[in-house]
Amino acid sequence: MDAMDGAAPVTTAVRWPGRAAGLALACHPGPVVAVTALACALAAGVGLSLGRFALVGAAVLAGQLSVGWCNDAYDAGRDARAGRQGKPVADGAVPIWVVWGAAAVAGVLCVPLSLACGLLAGTVHLAAVAAAWLYNLRLKATALSWLPYAVGFAALPSLVALTAPGAPWPRWWTVAAGALLGVAAHLGDTLPDIEADRAAGIRGLPHRLGARGTRLLLPVPLLGATVVLALGPPGPVGAGALAVLGLAGAAALVGAVVGRWWRKAALAGAVAVAAADLALLLVSGAALT
């Protein structure tokens with residue numbers, strides 16, 4: 001049941017193999033895998049030991065699982081009323097109490113895993129997970145819907161840097177780029193469903209801007225992140241960084257324009273730019289710290 005939306009999701013008798021599949025789908029596996037892979041790539045880029053690498057991956061995975069399950073369980077009533085397909089709780093593939101329980105277990109496991117990375121590293125990561133839960137439960141429908149994304153993405157390079165021996169503070173440009181990419185991720189992820197979400201009463205920042213406003217705004221944080229990553233590190237700007245900056249600008253702008261006819265074009269452009277930005281981060285390697 002959804003504490004804010006009233007209507008309970010469909011409940012049917014489903015065997016445990018089906019429940020397990022539904023539980024796996026309810027965690028939002030795409031974002032879970034993507035964010036965990038990003039954290040692991042950053043951890044490998046700075047040369048963390050195998051043990052610290054595993055801790056970062058496990059902590060981020062547990063946090064993302066808890067956030068994904070919380071999101072699906074909390075939105076179950078709204079999803080059921082809207083008739084959205086592929087929503088395991090709303091479809092009755094898995095009971096809502098199972099998903100809430102899984103979110104709680106993952107959240108509890110996230111605490112020691114995060115703190116094992118170091119007190120500062122763990123605190124930063126747990127603050128990001130708490131912000132994501134706050135997004136699910138409250139901020140998603142407000143003008144501050146972008147803030148948890150900014151906090152969460154900024155926390156990834158911070159977690160990795162602070163997990164390194166000596167717990168060095170992350171470079172400012174890695175945190176700034178992460179925050180900008182987080183805002184872009186929120187805009188791009190929300191864009192295809194803006195009208196359906198608005199009909200359901202969600203009034204986050206993209207919904208207030210509308211599809212056209214969100215599509216036009218999306219290139220701004222994308223290009224901002226790329227500029228910060230290209231120009232932020234000390235020393236001369238390399239030809240590779242300038243090339244990535246040009247390609248990122250083209251991808252972001254083309255995605256925004258083509259998005260008038262293909263709803264997911266802007267998101268595709270955002271993914272391309274994010275991949276280019278990740279390449280810049282990985283090339284910089286230990287410069288994260």
Side-chain angles (χ1 to χ4, degrees), residues 1-5 8-40 43 50-80 84 86-140 148-149 151-153 155-156 158-160 162-163 182 189:
M1 81 196 103
D2 190 317
M4 294 294 294
D5 298 315
V10 176
T11 301
T12 56
V14 180
R15 294 184 180 275
W16 270 109
R19 286 188 178 185
L23 184 63
L25 290 174
C27 76
H28 295 227
V32 167
V33 171
V35 175
T36 304
L38 173 58
C40 289
L50 182 60
R52 290 178 182 268
F53 174 89
L55 280 175
V56 167
V60 173
L61 176 61
Q64 289 300 304
L65 286 173
S66 74
V67 171
W69 279 321
C70 166
N71 182 279
D72 226 47
Y74 189 75
D75 285 347
R78 182 186 294 119
D79 292 336
R84 291 185 175 177
K87 295 291 185 178
V89 182
D91 292 343
V94 59
I96 192 170
W97 66 266
V98 172
V99 180
W100 275 124
V105 170
V108 169
L109 288 175
C110 182
V111 175
L113 288 170
S114 298
L115 294 178
C117 296
L119 182 58
L120 283 175
T123 301
V124 167
H125 184 238
L126 291 174
V129 173
W133 270 70
L134 185 59
Y135 169 84
N136 289 341
L137 303 178
R138 177 72 181 111
L139 294 183
K140 181 178 182 178
Y149 277 79
V151 171
F153 276 72
L156 288 180
S158 303
L159 167 64
V160 171
L162 291 168
T163 303
D189 184 51

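Note that the numbering runs from 1 along the sequence shown for the chain. All figures in this text were calculated on a predicted structure; none of them were measured in a lab.
Closest heavy-atom contact between Val56 and Ala43: CG1-CB, 4.4 Å. Looking at every heavy atom in both residues, Ala39 comes nearest to Val160 through O-CG2, 3.9 Å. Scanning both residues, Ala93 and Gly22, for their nearest heavy atoms gives CB-CA, 4.4 Å. Counting all heavy atoms, side chain and backbone alike, Ser66 lies closest to Ala103 at CB-O, 3.4 Å. Closest approach of Pro29 to Ala24, counting heavy atoms only: CD-O, 3.8 Å. The shortest non-hydrogen separation linking Pro31 to Gln64 is O-OE1, 4.3 Å.
Taking the side chain as every heavy atom from C-beta outward, Pro88 and Asp72 approach each other to under 4.5 Å. Side-chain atoms of Leu159 and Val60, non-hydrogen and from C-beta on, do get closer than 4.5 Å to each other.
Just one of Val67, Val33, Leu65, Val99 meets the side-chain contact (heavy atoms from CB on, under 4.5 Å) condition when paired with Cys27; it is Leu65.
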message = Let's go through Leu162 and Cys117 carefully: what are the C-alpha distance in whole Å and the side-chain angles of both, what is the deciding distance for side-chain contact (heavy atoms from CB on, under 4.5 Å) to 0.1 Å, and is it a yes or a no?
response = CA-CA 8 Å; Leu162 291 168; Cys117 296; over 6 Å; no
task = Carefully, step by step, assess Leu38 and Leu156 under the rule side-chain contact (heavy atoms from CB on, under 4.5 Å).
result = CA-CA 8 Å; Leu38 173 58; Leu156 288 180; 3.6 Å; yes
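When atom types are taken as modelled, the side chain of Trp69 and the backbone of Leu23 share a donor-acceptor pair closer than 3.5 angstrom.
Legend: residues meeting side-chain hydrogen bond (donor to acceptor under 3.5 Å, both in side chains) with Lys87, ordered by chain and number and at least two apart, are absent. Taking Tyr149 as the reference, Tyr135, His186 meet the ring-ring contact (aromatic ring centres under 6.0 Å, His included) condition, with sequence neighbours excluded. Listed by chain and residue number, His28, Asn136 satisfy the side-chain hydrogen bond (donor to acceptor under 3.5 Å, both in side chains) test with Asn71 (two or more places apart in sequence, or in another chain).
Taken to the nearest 0.5 Å, the CG atom of Asp75 stands 8.5 Å off from the SG atom of Cys70.
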